[in-house]
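Each remark here refers to the structure printed beneath this line.
Reckoned from all heavy atoms, side chains included, excluding hydrogens, waters and symmetry mates. Positions are given from 1 along the sequence. Bear in mind that the values here come from a model prediction, so they are computed numbers and not experimental data.
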Amino acid sequence: QVQLVESGGGLVQAGGSLRLSCAASGRTDYTYPVGWFRQAPGKEREFVAAINWSSRSIYYADSIKGRFTISRDNAKNTVYLQMNSLKPEDTAVYYCARRNGGRVTKLDDYDYWGQGTQVTVSS
């Protein structure tokens, strides 16, 4: 089975930056598109960003456009989420997932998920 492991989360002050990593292992290959989602306390899990294998198709949620950047290094089987200008409302558990369907922002079109990494932004 595919294994996805997120890392890079932590505690940061508002306005700061973090870079999350999503490393794939197991039977996965780096040609699959990958998405980032997040879930804040008391809220539904929401789409953040997605990228395909060639990095030619990239999607961002409106809430983070201009602040976050998704990228990937296929040689390392790793997808990154660079988060700048962080706000307290960005506090959430961040998950990466492999997409196997055609709907970029829909949870049902992702089949393998990581365990999540906590991002906490203090005011």
Side-chain angles (χ1 to χ4, degrees):
Q1 290 185 321
V2 174
Q3 290 182 299
L4 300 173
V5 179
E6 303 94 335
S7 62
L11 175 64
V12 65
Q13 290 185 318
S17 299
L18 286 172
R19 189 181 74 162
L20 306 184
S21 298
C22 173
S25 62
R27 292 183 176 271
T28 190
D29 65 70
Y30 55 76
T31 66
Y32 277 82
V34 172
W36 284 96
F37 292 78
R38 67 185 183 184
Q39 187 166 21
K43 293 187 176 181
E44 299 288 322
R45 187 163 45 179
E46 66 176 357
F47 171 78
V48 176
I51 189 169
N52 76 336
W53 71 273
S54 67
S55 300
R56 296 293 300 275
S57 296
I58 294 175
Y59 306 86
Y60 294 109
D62 289 340
S63 61
I64 56 86
K65 281 184 178 178
R67 299 189 298 120
F68 293 7
T69 302
I70 189 170
S71 62
R72 70 189 300 162
D73 186 337
N74 290 338
K76 297 180 179 179
N77 278 356
T78 301
V79 175
Y80 304 97
L81 185 68
Q82 178 67 46
M83 306 186 296
N84 299 324
S85 301
L86 284 163
K87 305 174 181 179
E89 47 264 48
D90 294 320
T91 295
V93 177
Y94 284 72
Y95 301 90
C96 67
R98 189 189 77 169
R99 180 161 60 88
N100 70 337
R103 298 176 297 174
V104 175
T105 65
K106 300 297 183 181
L107 276 65
D108 288 346
D109 282 8
Y110 292 78
D111 56 356
Y112 290 98
W113 294 79
Q115 82 290 344
T117 184
Q118 176 71 49
V119 172
T120 303
V121 184
S122 62
S123 60

Is [Y] reachable from [X] through a run of hydrophobic residues whose side-chain heavy atoms are each under 4.5 Å from the next?
| X | Y | answer |
| --- | --- | --- |
| Val119 | Val34 | yes |
| Leu81 | Trp113 | no |
| Val48 | Ile58 | yes |
| Tyr80 | Val104 | no |
| Val79 | Phe68 | yes |

Would you call [X] and [Y] a side-chain contact if the rule is heavy atoms closer than 4.5 Å?
| X | Y | value |
| --- | --- | --- |
| Met83 | Ile64 | no |
| Thr117 | Val93 | no |
| Leu107 | Phe47 | no |

Drop me the distance from [X]'s [atom1] to [Y]'s [atom2], to the nearest 0.5 angstrom.
| X | Y | atom1 | atom2 | result |
| --- | --- | --- | --- | --- |
| Leu18 | Asn84 | CG | CG | 9.5 Å |
| Arg67 | Ser85 | CZ | OG | 7.0 Å |
| Cys96 | Ile70 | SG | CD1 | 9.5 Å |
| Ser57 | Ile51 | OG | CD1 | 9.0 Å |

Audit row: Asp108, Arg103, side-chain contact (heavy atoms from CB on, under 4.5 Å) steps and yes/no: CA-CA 8 Å; Asp108 288 346; Arg103 298 176 297 174; 3.8 Å; yes
Would Arg98 count as a cation-pi partner of Tyr112, with NZ or CZ less than 6.0 Å from the six-membered ring centre and within 45° of the ring normal?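 No, Arg98 and Tyr112 do not form such a contact.
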Looking at every non-hydrogen atom in both residues, tell me the closest pair between [X] and [Y] and how far apart they are.
| X | Y | answer |
| --- | --- | --- |
| Ser17 | Gln82 | CB-NE2, 4.0 Å |
| Thr105 | Phe37 | O-CE2, 4.0 Å |
| Ala49 | Tyr60 | CB-CD2, 3.7 Å |
| Tyr95 | Gly114 | CD2-O, 3.6 Å |
| Leu20 | Tyr94 | CD1-CB, 3.6 Å |
| Ser63 | Arg38 | OG-NH2, 3.5 Å |

Taking only Lys NZ, Arg NE, NH1 and NH2, and the carboxylate oxygens of Asp or Glu, determine whether Asp62 and Lys65 approach each other closer than 4.0 Å.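 A salt bridge is present here (some side-chain N lies under 4.0 Å from a carboxylate O).
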Can a salt bridge be assigned to the pair Asp111 and Arg99 using a cut-off of 4.0 Å between side-chain N and carboxylate O? no
Please check if any side-chain donor atom of Asp73 sits under 3.5 Å from a side-chain acceptor atom of Thr78, or the reverse. no
Under the side chain to side chain donor-acceptor pair (under 3.5 Å) test, which residues partner Thr120, sequence neighbours left out? Gln118
If you count every heavy atom of other residues, nucleotides or ligands that lies below 6.0 Å from Glu44 atom CD, does the total exceed 12? no
From CA spacing to verdict: side-chain hydrogen bond (donor to acceptor under 3.5 Å, both in side chains), Asn74, Arg72: CA-CA 6 Å; Asn74 290 338; Arg72 70 189 300 162; 2.8 Å; yes
Spell out, as yes or no, whether a donor-acceptor pair under 3.5 Å connects the side chain of Glu6 to the backbone of Gly116.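 Present.
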Heavy-atom donor-acceptor pair, Asp109 side chain to Asn100 backbone, under 3.5 Å: no
